[in-house]
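This structure is a prediction, so every number in the text was calculated from the model and none was measured.
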Amino acid sequence: KNIKQTDYKTLKLTWEKKEGVSGYLIERIPTDANNGKYTLVKTVTKNTSSASVTIKDYKEYRYRVIPYIEVGKEKYYFNYSGTTMSYQAKVLGTEIKSVKKSGSSYLKVTWNKVKDATGYKVYRSEHENDGYKCVYTVKSGSKTSWKHKATKGKQYYYYVVVYYSKLKSEPSKTVAQMIPKTDTKASTKDVT
């Protein structure tokens with residue numbers, strides 16, 4: 001049994017298929033609910049070993065899969081004795097792929113594209129632990145780079161936040177970059 005997040009709004013559950021079963025109920029309950037009732041999330045009407053469900057919110061939930069057999073118009077549910085699976089979905093972010101020198105005095109920040117993203121914001125600071133400001137906003141999920149003029153010999157720190165229709169991700173790992181005053185090569189370092 002396993003749960004995997006496939007995008008910011010979908011989880012894929014997998015389980016052991018039972019022989020002779022007509023389908024499965026997928027139910028969930030908030031992990032912090034004391035003696036609460038499970039809520040039906042999805043009815044799977046075939047004998048399979050996986051299904052996708054929509055993420056409700058980003059709290060932690062316990063999921064369970066209950067097999068049933070259909071005889072005529074009646075459904076007979078197995079007594080639930082299986083294990084539950086807990087999972088807390090995340091608002092999926094991105095990672096910075098590279099920060100490279102572009103031309104003699106520009107730095108280009110490139111990050112991984114995220115499925116269903118509606119935009120990205122690039123934050124920059126000259127100090128590793130504070131002073132970050134949004135320096136570039138992308139209002140599209142498909143553009144994944146930004147270039148700016150950099151002062152030679154000055155270290156810059158960057159991170160990227162992913163935006164969805166009403167959600168935003170945690171910041172990416174911070175990446176540092178500088179164009180040396182004399183050397184023509186720029187060096188990247190991961191600071192987190």
Side-chain angles (χ1 to χ4, degrees), residues 1-18 21-68 77-78 80-99 109-124 132 134 136-146 157-175 188 190-192:
K1 283 185 166 187
N2 187 28
I3 300 179
K4 186 179 169 193
Q5 188 167 346
T6 54
D7 60 38
Y8 85 100
K9 59 183 183 219
T10 313
L11 295 179
K12 185 176 182 184
L13 282 76
T14 54
W15 58 86
E16 216 171 285
K17 193 171 166 179
K18 280 196 179 297
V21 163
S22 305
Y24 300 87
L25 302 182
I26 299 173
E27 298 180 331
R28 71 179 156 213
I29 188 172
T31 306
D32 58 7
N34 293 329
N35 303 323
K37 262 185 86 173
Y38 275 83
T39 306
L40 178 65
V41 181
K42 187 172 203 168
T43 302
V44 181
T45 57
K46 60 184 179 183
N47 195 359
T48 182
S49 61
S50 69
S52 293
V53 298
T54 302
I55 292 166
K56 183 181 179 190
D57 53 43
Y58 296 89
K59 290 181 191 161
E60 187 175 13
Y61 283 87
R62 266 197 317 274
Y63 289 82
R64 67 184 187 185
V65 179
I66 301 172
Y68 69 86
Y77 301 98
F78 284 62
Y80 185 75
S81 62
T83 54
T84 59
M85 300 177 279
S86 293
Y87 194 87
Q88 183 167 4
K90 292 178 176 59
V91 182
L92 298 178
T94 187
E95 291 302 325
I96 293 175
K97 281 204 287 198
S98 65
V99 182
V109 182
T110 305
W111 56 91
N112 293 321
K113 185 177 175 179
V114 178
K115 183 182 172 191
D116 296 319
T118 54
Y120 307 93
K121 285 192 178 184
V122 180
Y123 289 79
R124 182 183 70 198
Y132 285 90
C134 178
Y136 188 64
T137 300
V138 183
K139 291 188 174 169
S140 144
S142 55
K143 184 171 165 77
T144 57
S145 66
W146 171 66
Y157 298 87
Y158 305 89
Y159 66 76
V160 178
V161 174
V162 182
Y163 283 79
Y164 300 93
S165 54
K166 293 177 182 168
L167 300 165
K168 69 176 187 172
S169 74
E170 290 292 310
S172 67
K173 281 185 180 173
T174 304
V175 173
T188 303
D190 192 337
V191 294
T192 50

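- Take Phe78 and apply the ring-ring contact (aromatic ring centres under 6.0 Å, His included) test, not counting sequence neighbours, and it matches no residue.
- With sequence neighbours left out, the side chain to side chain contact (heavy atoms under 4.5 Å, CB included) criterion links Ser86 to Thr31, Glu60, Arg62.
- Here the shortest heavy-atom pairing between Ser52 and Thr10 reads CB-CG2, 3.7 Å.
- Counting only heavy atoms from C-beta outward, the side chains of Ile26 and Trp15 approach each other to under 4.5 Å.
- Within the structure, side-chain hydrogen bond (donor to acceptor under 3.5 Å, both in side chains) contacts touching residues 112-122 (residues at least two apart or in different chains) are Asp7-Lys115.
- Few gaps surround CD on Glu95; more than 12 heavy atoms of other groups in view lie less than 6.0 Å from it.
- Residues forming a side chain to side chain contact (heavy atoms under 4.5 Å, CB included) with Thr110 (at least two apart in sequence, or on another chain): Lys97, Ser98, Lys108, Ser145.
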Evaluate side chain to side chain contact (heavy atoms under 4.5 Å, CB included) for Tyr87 paired with Leu13, printing each intermediate quantity in order. CA-CA 10 Å; Tyr87 194 87; Leu13 282 76; over 6 Å; no
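- In this view, Lys90 and Gln5 satisfy the side chain to side chain contact (heavy atoms under 4.5 Å, CB included) rule, not counting sequence neighbours.
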For side chain to side chain contact (heavy atoms under 4.5 Å, CB included), just list the numbers for Ser169 and Val91, CA-CA rounded to whole Å, side-chain angles, deciding distance to a tenth of an Å, and then say yes or no. CA-CA 5 Å; Ser169 74; Val91 182; 4.3 Å; yes
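- The distance from atom NZ of Lys46 to atom OH of Tyr24, rounded to the nearest 0.5 Å, is 11.5 Å.
- Within the structure, ring-ring contact (aromatic ring centres under 6.0 Å, His included) pairs that include any residue of residues 35-54 do not occur (at least two apart or interchain).
- The shortest distance between side-chain heavy atoms of Val41 and Tyr61 does not fall below 4.5 Å.
- Contact detail for Tyr132 and Thr174: the closest heavy-atom pair is OH-CG2, 3.2 Å.
- Sorted by first then second residue, the salt bridge (charged side-chain N to carboxylate O under 4.0 Å, His left out) pairs that include residues 22-45, not counting sequence neighbours, are Glu27-Arg64.
- The ring-ring contact (aromatic ring centres under 6.0 Å, His included) test applied to Tyr136 returns Trp146, not counting sequence neighbours.
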Ignoring hydrogens and angles, write down the donor-acceptor pairs under 3.5 Å from the side chains of residues 158-167, residues two or more places apart or on other chains.
from: Tyr158; atom 1: OH; to: His148; atom 2: NE2; distance (Å): 2.6
from: Tyr164; atom 1: OH; to: Leu92; atom 2: O; distance (Å): 2.6

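- For Ser142, the side-chain hydrogen bond (donor to acceptor under 3.5 Å, both in side chains) test picks out Ser140, with sequence neighbours left out.
- For the pair Asn47/Lys17, a side-chain contact is recorded, criterion being any heavy-atom separation below 4.5 Å from C-beta on.
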Given side chain to side chain contact (heavy atoms under 4.5 Å, CB included), test Tyr8 with Val114 step by step and report yes or no. CA-CA 9 Å; Tyr8 85 100; Val114 178; over 6 Å; no
